[in-house]
Structure formats: C-alpha cells, structure tokens
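Presented below is the structure to which this report refers.
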Amino acid sequence: MRSNPKGENMNIYETLNDMQQEAVYHTEGPLLILAGAGSGKTRVLTHRIAYLIEEKGVQPWNILAITFTNKAAQEMRERVDRIVGGDAGSVWVSTFHSTCVRILRRYIDRLGYDNNFTIYDTDDQKTLMKEVCRKMNVDTKLFKERALLAAISHAKDELVTPDEMERNAGGDFKEKRIAEIYREYQDALRRNNALDFDDLIVKTVELFQNCGEVLESYQERFRYIMVDEYQDTNTAQFKFVSLLASKYENLCVVGDDDQSIYKFRGANIGNILGFERVFPQAKVVRLEQNYRSTQNILDAANEVISNNTERKEKRLWTENPEGEKIHFRQFMNGFEEAEYVIGDIAKGRREGKLNYRDCAILYRTNAQSRLFEEKCLLANIPYKIVGGVNFYARREIKDLLSYMKTVDNAADDLAVRRILNVPKRGIGATTITRVQNYADEMQISFYDALCTADKIPSIGRAASKIEGFVTFIQSLKSKAQAYTVEEILEEIIDLTGYVDELKAEDTEESRARIENIDELVSKTVTYQETMAAEGREADLSGFLEEIALIADIDTVDPGQDYVLLMTLHSAKGLEFPYVYMAGMEDGIFPSSMCIFSSDLSDMEEERRLCYVGITRAMKELTLTCAQQRMVRGETQYNRVSRFVREIPRELVEMGHTIREHKPKIPEEASSRNSYMQMRMAFQAKAFQPQNFKVTKAESLDYDVGDTVRHVKFGVGIVKNIVEGGRDYEVTVDFDKAGVKKMFAGFAKLKKI
DNA sequence: CGTAAAACTTTTTTT
DNA sequence: AAGTTTTACG
C-alpha cells in the first residue's frame with residue numbers, strides 16, 4: 001500500500017463520512033470523539049493511525065493506541081497493517097495493563113521491586129489477604145476478605161495510598177482499620193515481589209511521578225496517543241494518560257457515555273464528561289450515524305436509553321432498513337427459555353439462514369450460562385462460553401504455573417507454598433506453619449527459609465523432605481537459563497510426575513485435566529513462536545505475564561464456527577447479526593441489587609448495560625424471559641424486565657407466549673452426572689483447535705451396523721453415515737434415546 | 001498426615 | 001446449586 005501513488009491513498013479516507021474524516025484529519029492537540037454504538041469508531045481509529053503515518057510523516061513508534069481488550073488491540077493492529085503495510089508493527093497497540101507491564105518490566109527497580117515481579121490474579125489476592133488478616137488478627141466476620149480487597153481496589157483506582165486513606169478516615173474506626181490492612185497488604189505484595197492488577201497502573205503512575213527522566217523518555221516516545229472505550233477509564237488510568245500526553249497534548253480519546261458499564265470497577269464517567277474542562281482547547285467530534293443495526297433495533301436502543309437522565313443528549317440514526325421487529329418470548333422457566341433459544345439457532349442453521357458464529361447469547365450473570373450450555377450439548381451445537389471459570393484458574397494449571405513462578409521469582413511465597421506439597425511429599429500443614437513462623441521471625445522469604453530447613457527448630461523428619469524439594473527447584477532454576485519456556489514446563493511435568501499421577505487415576509475428570517495441561521504446553525509453544533516472529537525474547541517472566549493479562553474474550557477465534565455465550569459486559573465492543581438477550585426479568589436484569597439500591601445511578605448503569613446489549617445486534621434481536629427461575633437453589637418468580645417495557649410495543653413482535661406443555665425428557669438425560677460428562681468430553685475436544693475448523697477425520701473407526709456409545713444418549717447402532725463437506729453426518733438408533741443424527745466430529749462416538 | 005464427609009457460604013458485572 | 005472450608009476419623 002505504502003508504495004501506491006498518493007492519490008490512491010487519499011481514497012481510503014474518502015470512504016469515511018464527514019464527521020469521521022474530521023476526526024481523522026484533526027491530528028494535533030486534544031480530541032474527544034463521542035462515538036455512538038456502531039458508528040465506526042474502530043475504522044476512525046485505524047484510519048487515523050494510517051493518516052498519521054502516511055500523510056503526516058509520523059513515525060509508527062511515536063504512536064500509542066490503548067484498547068480495552070487484547071483482542072481489540074490485535075484486530076486494530078491487523079487493520080492498520082492492511083492499510084499501511086508492515087510499518088504498523090512498531091505502533092504500540094495494547095491495553096492499559098499490558099502497556100504498563102511493559103514499562104514496569106524495564107523500570108520498576110527504581111521503586112524498589114525486582115524487574116521480574118509476579119502479577120497476582122484475583123485468587124492470589126484473596127490468598128494473600130487471608131494471610132494478612134490472620135497475621136493482623138482481623139476478625140474476618142467483621143471485615144470480609146472480599147470486601148477488604150474491594151475497598152483497597154477502589155482506593156487504588158483513585159490513586160489513594162494507605163497513608164491518605166488513613167488521613168481521610170478521620171475518626172472512623174473501621175476506615176482506619178482498613179487503611180492499616182491496606183498498608184500491610186501492600187507490604188506483603190512487595191515482600192512477594194508481586195503486583196496486583198490495580199498496582200500495574202498505580203505503580204506506573206508512581207514511577208512517572210518519581211522519575212522525571214523516565215516519564216520524559218516516554219513522553220518523547222509517545223507523541224500521539226489514542227484511547228478507546230474512554231468512558232470506562234478510571235482515575236488512575238486517566239492520570240497515566242494525562243502524564244504521558246502532558247508534553248505534546250496530542251491525545252485522542254474515543255468513547256460513549258451511554259456505554260459506560262464499569263463503574264463497579266472504578267470507571268469514572270467524569271473522565272469523558274469532563275474532558276473538555278480538563279482540555280479547554282479540545283476539539284469534539286460526534287459520530288451519530290450507526291452502520292451496524294436495523295432501524296428497529298436502533299429505535300429500541302434509543303428509547304431505552306432515553307430513560308436515563310445523566311447523559312449527553314444524542315440520538316443515533318441509520319440509513320439501514322427497518323428490518324424485523326424485536327422478538328420477545330416469555331417461558332415457564334429457564335429450561336424452556338434455553339431450549340427455545342438453542343432451538344431457534346438450530347432452526348436458522350438448518351434453513352441456511354445463519355452460521356453459528358453469527359449468534360450470541362447474552363445474559364447478566366455467568367451462572368446463567370449453564371442452561372444454555374446444556375442445551376447446546378444436547379443439540380450438538382458448537383459453542384464457546386466466554387468468562388466464568390478462567391482456564392488459568394483451574395487447579396492443575398495453577399499448580400504448574402506456580403512451579404514456573406517459583407522458578408522465575410522465588411520471592412513469591414504464595415506460589416512456593418502452593419506447590420511445596422504438590423505432588424504429595426508428606427509435608428503437611430503443621431510443617432508449613434512452622435516454616436512460615438521461622439521465615440517471619442527471620443524476616444526472610446518462605447523459600448529462603450526452606451533452604452535453611454535444617455536450622456528451623458522442631459521441624460524434625462520433614463527437614464529431609466524439604467531438602468529434596470529445594471534441590472529440585474534449584475536444579476530447575478539452573479536449567480531455566482538454558483531451556484526454553486516449553487522445555488522448563490515439560491521438565492516440571494516429567495519430574496513431578498504430575499501427568500503420570502493423573503493418568504493413573506483414569507477418570508473422565510483426570511483425562512480432562514491432562515487435556516488442559518497439554519493445552520498449557522501448546523500455549524508455551526505459541527508464545528515462543530509469537531515472540532520469535534516479533535524478534536523479542538521468550539522468557540519465563542514474559543510468558544507468565546501474558547497469561548496473567550489474557551482475558552477470556554481474547555481467545556475467541558472468529559474463524560471458528562461456534563455460538564458465543566457471554567455476559568453483557570463481555571459483549572462490549574462486539575457485534576453479531578443475531579443476538580439473544582436472555583433472562584430479561586426484574587431481579588435478574590436489572591439485578592435485584594440495583595433495584596433495591598438507594599443510589600439511583602445504579603439503575604442507570606444497568607440501563608446502559610441493556611443499551612450495550614441491544615446495540616450489539618445487527619439484524620435480529622430476541623429478548624427472552626422466564627416466569628419462574630431457579631437462582632442459587634431457590635425458585636424465584638420475576639416479572640418482565642422494566643427494560644423490555646421501555647421498548648415501544650410497535651417495535652416488538654410477541655410470538656406465542658409461554659408454551660403450555662412440558663415435554664418430559666427421558667430423565668436420565670438431564671441428570672447432572674451425564675451433563676458433567678458431556679461437558680468434559682466437549683471441553684477436551686474444544687481444546688484441539690482444528691476440531692471446529694476442518695474437523696473432518698480421515699476416516700471413522702466405526703461403520704454402519706456397528707454398536708457405539710455416546711456420552712449422553714448411551715448405546716446405539718449406527719444406521720447411516722453420510723459424508724458431508726465438513727464432517728461425517730452419522731445416524732444412530734439409540735436404545736433409549738431413539739434415532740439421532742449428529743456430526744461425527746462433535747458427537748465423539750466410541751465403538752464398542 | 002491424608003481423606004471423606006459435613007457444614008457453611010455465596011449472590012452481579014472483570015482487566 | 002455449587003463451591004469452599006471445617007471437622008472427624010483412619
């Protein structure tokens with residue numbers, strides 16, 4: 001592209017509308033782009049980067065673009081690459097957290113940390129907080145760990161230090177105590193040479209404020225800064241950006257106050273509402289033409305959001321056709337709701353109307369995914385759940401990662417303690433407590449205490465076992481210099497016998513765990529390949545950090561054909577031709593928390609979340625709800641969501657509401673156990689990436705007439721096999737479930 | 001010390 | 001309902 005004549009390059013900007021062009025051409029000085037949903041803001045950002053490089057002669061490495069997710073960063077980089085050619089490689093496109101980690105890896109030693117610090121996830125934070133509470137004799141009935149961490153996180157979002165918190169507390173005893181705990185928690189993090197998520201931002205700001213020359217070097221480097229999803233930045237992130245931009249003031253922020261949905265995470269909507277106050281010379285561009293949705297969908301979204309009072313008045317418009325009405329369906333319960341949604345998708349697919357990847361099922365809470373997952377399994381529909389229990393939160397993964405962390409940063413007591421007795425080395429709780437006490441007394445790390453185990457009083461027989469562990473870790477550490485990340489992991493797996501132990505167990509569960517471990521190994525390989533391609537070093541710290549910062553949504557592969565199941569929050573920034581919003585009930589969405597909240601702005605945030613959901617839909621939007629629903633083991637009776645009632649009736653098509661019958665499924669089928677089994681089988685398969693894409697096996701190990709077993713339907717006889725383009729379609733007559741047609745790649749039939 | 005069973009929470013949304 | 005933590009016992 002770069003070598004093309006200039007005239008041709010100009011054309012790419014002329015495909016933008018007037019407002020979009022205005023945003024692209026305004027390159028110097030602060031710029032606020034108020035971009036409504038579906039108004040093409042990503043296009044604007046990518047074209048703006050291209051314009052800077054191609055027309056303004058800005059060096060790519062002088063540009064920083066901050067996105068909300070790694071996936072968005074990756075997509076943006078690809079798009080810029082397509083416009084300007086290879087040059088975009090040196091544009092920094094990443095999330096706040098990744099950007100900060102990259103800076104801290106280089107300079108955090110100036111704040112008294114080691115440059116190979118560990119990043120603590122939510123689980124680690126909780127473990128650490130428990131320990132802090134124990135040490136400080138905190139009554140965890142009075143101060144719950146979760147609440148304490150939330151309070152600390154809020155403080156960090158606002159750049160409030162423990163000292164400041166204490167000062168602000170005044171005579172409030174509780175607040176004072178929290179400040180003390182905050183201080184102790186921070187000390188504990190430092191002792192472990194660890195940072196939590198919030199620290200990544202806070203410490204970078206601290207670094208900038210304490211080290212003028214570091215800040216200056218980054219100010220020089222990032223002369224043009226762009227921030228996406230600006231409405232969801234918090235005070236600390238704002239500070240980070242304004243420090244960086246304060247020299248050249250070429251700061252372009254893009255956001256939509258109607259899509260601000262992360263207040264609970266510290267997002268400060270004032271950042272976007274007050275941008276013009278902070279930068280009086282800022283230019284403001286509004287993008288109000290929507291290119292994504294049908295007129296009906298957009299009208300519904302506009303009507304719902306107009307019930308909010310605290311917002312910048314605006315009304316999106318579109319030239320798109322009216323489209324279908326919004327579908328609304330009410331059901332007896334959650335089972336029927338899920339059955340309908342999955343059935344509707346299956347029907348659309350049968351009729352050739354859609355691909356699975358065109359569909360998304362959105363809900364308010366992660367727990368709601370379960371019913372849809374079950375129905376997908378039953379209907380043989382490929383799906384991916386975004387969010388919920390993280391891959392990296394699984395026990396086997398955390399165990400192995402803890403080994404890697406220990407090798408990387410022995411000061412990380414949490415990691416060391418976790419693996420000390422995994423696999424079983426006969427080192428129990430009593431011994432761990434004794435070592436810990438000794439370490440505390442001597443003011444050394446847990447690992448260092450282990451190294452001198454023989455000097456610890458009353459440790460007795462355990463000393464020799466500990467010695468074995470220390471020797472093992474030391475040998476890993478020395479190998480780590482010469483080994484690749486993958487080799488280190490393989491070494492850990494081999495020498496601990498972790499997989500061997502699981503193999504011996506030989507249950508559905510242990511097999512799934514082994515699959516997960518294989519997946520982790522392949523992630524190390526992918527990591528090494530990516531780093532090699534970018535010419536960067538593939539070290540252990542880098543791998544661990546990538547894992548800590550990767551969000552579930554980042555792993556969604558648009559090349560694969562599956563239905564996406566996720567929360568409304570995760571859906572932000574995405575779009576789908578067919579969107580289902582499930583659980584549209586007062587008490588679920590809006591959540592009961594905000595219905596009963598005294599703070600009216602909570603309801604407004606919930607409404608914005610609904611607005612985000614509606615505006616994800618391009619062609620069709622279906623809203624569903626249930627009259628009764630099981631929530632945490634209790635049956636709830638909820639009325640239809642107020643948000644549904646805020647949509648004008650003439651935009652909605654009600655369909656036949658509530659099914660009268662309840663076809664009882666053969667009850668073996670919906671038992672919990674078989675669900676778990678199917679899920680395991682599915683997950684195991686899902687981790688072999690090619691399974692959805694190409695899928696077709698060379699041949700099947702069964703034939704017509706053979707007896708096979710299906711995880712859910714049981715034993716049956718193969719009646720027919722049809723070779724399709726993507727996969728074999730197999731017809732099986734099951735003893736109990738009757739005749740079923742299914743895809744071989746998906747059904748995982750076993751010949752018996 | 002390790003396992004199994006029982007009791008006790010949990011309740012939004014996530015980088 | 002499901003996950004986590006405590007308790008009891010071998």
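Here is the naming used below: chain letters follow the sequence lines, and residue numbers restart at 1 for every chain. Remember, it's a predicted structure, so these values are computed and weren't measured experimentally.
Rounded to whole Å, atom P of B:dT14 lies 15 Å from atom NE2 of A:His154. Rounded to whole angstrom, the span from the CG atom of A:Asp586 across to the P atom of B:dT12 amounts to 17 Å. In this entry the distance linking CD1 of A:Ile261 with C1' of B:dT15 reads 13 Å, nearest Å. Distance CG (A:Leu371) to P (C:dA2): 10 Å, rounded to an integer number of Å.
Closest to the A:Thr430 side chain, of the nucleotides B:dT15, B:dT13, B:dC1, is B:dC1. Ranking C:dA1, B:dT12, B:dT13 by closeness to the A:Met630 side chain, first place goes to C:dA1.
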* How would DNA chain B look in dot-bracket form, 5' to 3', counting Watson-Crick and G-U wobble pairs with both distances under 3.5 Å and writing | for bases paired to another strand? -> ||||||||||.....
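In terms of phosphate contacts, A:Lys130 brings a side-chain nitrogen or oxygen within less than 4.0 Å of OP1 or OP2 of C:dT5. Residue A:Thr69 has no polar side-chain atom (N or O) positioned under 4.0 Å from OP1 or OP2 of B:dT15.
A distance of about 23 Å separates the C1' atoms of C:dT5 and B:dT12, rounded to the whole Å.
Listed by chain and residue number, A:Thr430, A:Ser458, A:Ile459 satisfy the side-chain contact (heavy atoms from CB on, under 4.5 Å) test with A:Arg434 (two or more places apart in sequence, or in another chain).
Side-chain contact annotation: A:Gln231 with A:Glu229, donor-acceptor N/O pair under 3.5 Å present.
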